[in-house]
**Q** 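Shown below is the structure under consideration.
Positions are given from 1, in the same order as the sequence printed here. No hydrogens, no waters, no symmetry mates; every other heavy atom, side chains included, goes into these values. Every value quoted in this text rests on a predicted model; they were computed, and no experiment measured them.
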Amino acid sequence: MTKLRLSLDEELEEAIAAVREREGLETLDQTAEWLLRRRLRKGTQSLTGRGRALYDVKGGRR
């Protein structure tokens, strides 16, 4: 699996580091994933009016 890295400017990196510290996460990668999942949950909730659980998808499409 190829890992993708976001290019961060100093201001964005500081903001992610602040969230990491506030949420008690260990790495910036964990924090980016947490922020993405949070945004997806909020987006889904605004579309459907309900919360939805997010699960890892194992395997690919056939």
Side-chain angles (χ1 to χ4, degrees):
M1 174 189 268
T2 303
K3 278 214 169 210
L4 300 175
R5 299 289 297 170
L6 292 175
S7 153
L8 303 177
D9 62 19
E10 192 173 317
E11 184 179 353
L12 180 56
E13 191 166 348
E14 288 174 6
I16 292 175
V19 172
R20 181 190 61 77
E21 191 172 307
R22 185 183 72 217
E23 297 300 323
L25 299 165
E26 293 180 13
T27 67
L28 293 180
D29 287 341
Q30 287 176 339
T31 307
E33 182 178 349
W34 183 87
L35 288 167
L36 177 61
R37 287 176 182 257
R38 181 173 182 236
R39 180 64 193 122
L40 287 170
R41 277 192 302 272
K42 285 182 171 272
T44 301
Q45 187 174 9
S46 72
L47 287 173
T48 64
R50 330 178 42 169
R52 296 282 186 238
L54 298 176
Y55 300 99
D56 288 337
V57 176
K58 304 293 181 196
R61 284 188 160 173
R62 293 183 182 193

**Q** When rounded to the nearest 0.5 angstrom, what is the spacing between CD1 in Ile16 and CD in Gln30?
**A**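 Rounded to the nearest 0.5 Å, the CD1-CD separation comes to 13.0 Å.
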
**Q** Provide the closest heavy-atom pair for Arg20 versus Leu28 in the form atom of the first, atom of the second, distance.
**A**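 Reported closest heavy-atom pair: CD-N, 4.1 Å.
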
**Q** Can you tell me if Arg39 has over 12 outside heavy atoms packed within less than 6.0 Å of its CZ?
**A**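 Check fails, neighbour count at 12 or below.
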
**Q** Out of curiosity, Leu40 CG to Arg38 CZ, how far, rounded to the nearest 0.5 Å?
**A**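 Going from CG on Leu40 over to CZ on Arg38, the span is 12.0 Å.
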
**Q** Identify, with sequence neighbours excluded, every residue that meets salt bridge (Lys or Arg N to Asp or Glu O under 4.0 Å) alongside Glu13.
**A**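 Salt bridge (Lys or Arg N to Asp or Glu O under 4.0 Å) list for Glu13, sorted by chain: empty.
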
